[in-house]
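Working notes for the structure below.
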Amino acid sequence: VTGSGLGATLGVGNGGNLVITANGTDYTVALADADDISTIVTKINAVTGAGGANVVTASDDGSGQLQLDAVNADVDFSIKA
């Protein structure tokens with residue numbers, strides 16, 4: 001995310017797919033240039049969080065940075081951007 005704090009966006013040319021692999025399954029999240037941290041968190045949670053597969057949850061760490069957490073200790077995950 002470009003800039004600091006909430007409201008900053010990915011920026012022109014920085015959109016694309018974020019692939020989160022959890023327990024051997026790829027989950028693709030499409031991100032747009034204009035997405036801010038709130039939108040990114042919502043999109044990830046719709047795919048991998050409680051709104052989707054319920055394996056990885058996304059949140060803002062309180063400083064506008066993306067934080068990803070496994071929903072339990074049995075989930076192994078990695079990220080491909």
Check your understanding: Among pairs that include at least one residue of residues 47-56, which meet salt bridge (charged side-chain N to carboxylate O under 4.0 Å, His left out), considering only residues two or more places apart or in two chains?
Key -> none
Exercise for review: Using the salt bridge (charged side-chain N to carboxylate O under 4.0 Å, His left out) rule, collect all pairs that involve residues 18-28, keeping only residues at least two apart or in two chains.
Suggested key: Asp26-Lys80
Solution key, residues 39-50 side-chain donor-acceptor pairs under 3.5 Å, sequence neighbours excluded:
residue	atom	partner	partner atom	Å
Thr39	OG1	Asp36	OD1	3.0
Thr42	OG1	Ser38	O	3.0
Lys43	NZ	Ala30	O	3.3
Lys43	NZ	Asp35	OD1	3.4
Lys43	NZ	Asp35	OD2	2.7
Asn45	OD1	Ala58	N	2.7
Asn45	ND2	Val41	O	3.4
Asn45	ND2	Ala58	O	3.0
Thr48	OG1	Ile44	O	3.2
Thr48	OG1	Val56	O	2.9

Practice item. Taking side-chain contact (heavy atoms from CB on, under 4.5 Å) as the test, write out the residues that go with Ala53, two or more places apart. Key: Tyr27, Val55
Point to revise | Pairs touching residues 13-23 that satisfy salt bridge (charged side-chain N to carboxylate O under 4.0 Å, His left out), sequence neighbours left out | key: none
Point to revise | salt bridge (charged side-chain N to carboxylate O under 4.0 Å, His left out) pairs, two or more places apart, involving residues 8-19 | key: none
Practice item. Could you walk me through whether Val29 and Asn17 pass side chain to side chain contact (heavy atoms under 4.5 Å, CB included), step by step? Key: CA-CA 6 Å; Val29 181; Asn17 289 332; over 6 Å; no
Which donor-acceptor pairs under 3.5 Å do side chains of residues 66-79 form with protein atoms, sequence neighbours excluded?
residue	atom	partner	partner atom	Å
Gln67	NE2	Asp69	OD2	2.9
Asn72	OD1	Asp74	N	2.8

